[in-house]
Structures are given as C-alpha cells and as structure tokens.
Amino acid sequence: MSAEDREAQEDELLALASIYDEDVFKRAESAQGGETRICLELPKNFKVFVSGDSTESLQGAGFEYTVRFLPPLVLNFELPPDYPSTSPPAFTLSGKWLSPPQLSALCKHLDNVWEENRGCVVLFAWMQFLKEETLSYLNISSPYELKMCLRGSGQSRTPLVSPSAEDCGAASSAAA
C-alpha cells in the first residue's frame with residue numbers, strides 16, 4: 001500500500017465519519033471498510049401499493065399507503081490496499097424493497113462512477129447518488145408497487161423481491 005493511498009483512505013473514512021451519524025456510517029474495526037445505511041429522500045405524499053397474488057385471501061386486492069420512509073439501502077464496502085490510485089472499493093449493495101435487477105442497475109452505476117473518477121475517492125459520491133438519485137435513476141414513481149407472496153405455510157407475508165444482498169461492483173464482478 002502506497003503512503004498516498006493509505007492517507008487518502010484514512011482521510012475519506014474520517015471525513016465520512018465526521019459527516020454522518022454513527023447509525024448511518026459505521027467504519028469497520030478490523031479492516032479498511034465499513035457500512036453505510038442510506039435513507040432515500042422521498043417526494044411528499046409518496047405512495048406504496050402493496051399487492052398480493054390471486055391465490056391469497058386478498059384475492060388480488062391491494063392496499064395503498066402513503067409513506068415518508070422506505071427501509072434503507074445498505075452499502076457494505078472494503079477498501080483494497082491500492083484504492084484509490086488503482087482499484088475501486090469492493091462492495092455489496094442491498095435493499096429489501098428493490099428487485100435484483102434494480103440492485104444490479106444501481107451497482108453498475110456505482111461502477112461507472114468509479115470509472116469516471118478513477119484515482120479519486122468515491123464513497124461520498126456513491127452515497128450521495130444512492131440517497132438523492134436512486135428513485136429517478138430506476139424510474140420509480142408514486143405509487144410504487146410492492147408485490148407480496150406467500151412462502152411456506154402461508155402464515156406470513158414476505159416481499160416477492162429477494163431481501164438478500166446483491167453482490168456487485170468492479171472488484172466482485174471480476175471473480176464471476
């Protein structure tokens with residue numbers, strides 16, 4: 001690790017820790033990395049339409065709710081020794097209310113931001129994009145439809161979209 005890379009990483013992590021509360025940005029204790037929880041800025045009177053499939057007791061009916069918040073997007077990252085001079089951060093992005101294709105599209109955009117800013121720190125730019133532009137980038141507008149389906153015994157409802165993390169990013173896609 002070059003002294004310049006190490007200094008840039010430390011400066012970036014210190015800056016993020018000073019900008020964001022600990023519940024938003026957490027630096028990893030054992031590695032050069034961390035986790036950030038990104039709450040999107042929703043338009044006023046943003047509605048979510050929750051629908052079920054026709055085999056449920058809802059019989060295809062749905063419910064519409066006005067929401068002020070959605071569950072946060074979670075960006076986990078690790079900074080390789082040659083970041084930012086050569087390599088991008090390794091990262092995973094997850095969001096309980098987004099589909100795998102939507103998460104993949106966001107990850108590809110983060111990769112593009114790295115390519116456009118190669119050699120510079122990018123975590124703040126990534127976080128700002130996710131917070132301020134996710135809805136417009138994915139063409140999500142009100143009402144946003146969330147489809148629910150039954151799993152297992154049918155006693156509980158779970159989102160149709162997978163809540164698991166979508167692995168992505170330049171570093172992890174190279175292994176594919």
Side-chain angles (χ1 to χ4, degrees), residues 1-44 46 48 67-141 144 146 159 161-176:
M1 173 182 292
S2 76
E4 292 84 15
D5 282 338
R6 179 74 178 170
E7 185 176 339
Q9 289 181 19
E10 283 300 320
D11 289 349
E12 181 177 33
L13 293 173
L14 285 171
L16 292 173
S18 70
I19 294 169
Y20 298 104
D21 292 337
E22 197 172 294
D23 59 331
V24 173
F25 176 80
K26 292 180 184 169
R27 184 173 175 172
E29 292 182 23
S30 61
Q32 284 294 94
E35 175 182 282
T36 183
R37 297 181 162 300
I38 298 148
C39 294
L40 303 187
E41 296 178 356
L42 295 180
K44 192 172 187 176
F46 189 83
V48 172
V67 296
R68 293 184 10 203
F69 305 100
L70 290 169
L73 299 178
V74 179
L75 177 68
N76 287 288
F77 64 91
E78 190 169 319
L79 305 178
D82 59 351
Y83 168 81
S85 66
T86 307
S87 297
F91 69 93
T92 58
L93 180 64
S94 61
K96 293 183 181 284
W97 52 276
L98 291 173
S99 68
Q102 289 172 317
L103 286 168
S104 182
L106 291 174
C107 289
K108 286 178 183 158
H109 183 77
L110 297 183
D111 288 338
N112 290 337
V113 170
W114 161 255
E115 288 301 327
E116 293 167 5
N117 297 282
R118 185 178 283 272
C120 299
V121 295
V122 294
L123 292 175
F124 181 77
W126 284 2
M127 293 167 66
Q128 287 302 107
F129 164 76
L130 291 169
K131 180 178 181 177
E132 297 172 0
E133 299 179 47
T134 292
L135 296 178
S136 62
Y137 186 78
L138 296 175
N139 295 315
I140 292 174
S141 59
Y144 178 62
L146 289 175
V161 296
S162 171
S164 63
E166 174 77 10
D167 290 333
C168 50
S172 59
S173 64

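Remark: side-chain polar atoms of Q9 are paired, donor with acceptor, to backbone N or O of P80 under 3.5 angstrom. Formation of a donor-acceptor pair under 3.5 Å by the W97 side chain with backbone atoms of L70 is not found in this model. Side chain of T36 to main chain of V24: a donor-acceptor pair is present (N/O by atom type, distance under 3.5 Å, no hydrogens or angles).
With rounding to the nearest 0.5 angstrom, the CG atom of L73 is 5.5 Å from the OG1 atom of T134. Atom CG of L93 sits about 9.0 Å away from atom CG of N76, to the nearest 0.5 Å. If you take CG on L106 and CD on Q102, they are separated by 7.5 Å, rounding to the nearest 0.5 Å. Atom CG of L75 sits about 8.5 Å away from atom SG of C107, to the nearest 0.5 Å. Interatomic distance, L14 CG to L16 CG, rounded to the nearest 0.5 Å: 9.0 Å. Separation of atoms CD (Q128) and CD1 (I38) is listed at 9.0 Å; rounding is to 0.5 Å.
Residues passing the side chain to side chain donor-acceptor pair (under 3.5 Å) test with D82 are S87, sequence neighbours excluded. With sequence neighbours left out, V121 forms a side chain to side chain contact (heavy atoms under 4.5 Å, CB included) with A8, E12, Y83, P84. Residues that satisfy the side chain to side chain donor-acceptor pair (under 3.5 Å) test with S85, not counting sequence neighbours, are D5. Among residues two or more places apart in sequence or in another chain, the ring pair (Phe, Tyr, Trp, His ring centres under 6.0 Å) test is passed with Y137 by H109, F129.
Contact annotation: the side chain of Y144 never approaches that of L42 to less than 4.5 Å [non-hydrogen atoms, C-beta and beyond]. Looking at heavy atoms from C-beta onward, P43 lies in side-chain contact with L135 at the 4.5 angstrom threshold. The shortest distance between side-chain heavy atoms of V122 and P89 falls below 4.5 Å.
Contact detail for N117 and V113: the closest heavy-atom pair is ND2-O, 2.8 Å. Smallest separation of non-hydrogen atoms from Q32 and L13: NE2-CD1, 3.8 Å. Residues F46 and S141 come closest through the heavy atom pair CE1-C, 4.0 Å. Scanning all heavy atoms of the two residues, the minimum distance from L138 to A105 falls at CD2-CB, 4.0 Å. Among all heavy-atom pairs drawn from T86 and W114, the shortest one is O-CZ2, 3.5 Å. Residues D23 and D21 come closest through the heavy atom pair OD1-CB, 2.9 Å.
Screening residues 120-133 for salt bridge (Lys or Arg N to Asp or Glu O under 4.0 Å) gives E41-K131 as the qualifying pairs, with residues at least two apart or on separate chains. Applying the salt bridge (Lys or Arg N to Asp or Glu O under 4.0 Å) rule to pairs touching residues 25-36 yields E10-R27, E35-R37, sequence neighbours excluded.
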Exercise. Between F69 and L40, does a side-chain contact (heavy atoms from CB on, under 4.5 Å) hold up when you go through it step by step?
Worked result: CA-CA 7 Å; F69 305 100; L40 303 187; over 6 Å; no
For this session: For F91 and E78, run side-chain contact (heavy atoms from CB on, under 4.5 Å): C-alpha distance rounded to whole Å, both residues' side-chain angles, the deciding distance at 0.1 Å, then the answer.
Result: CA-CA 6 Å; F91 69 93; E78 190 169 319; over 6 Å; no
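Between W126 and F77, a ring centre-to-centre spacing not shorter than 6.0 Å is recorded.
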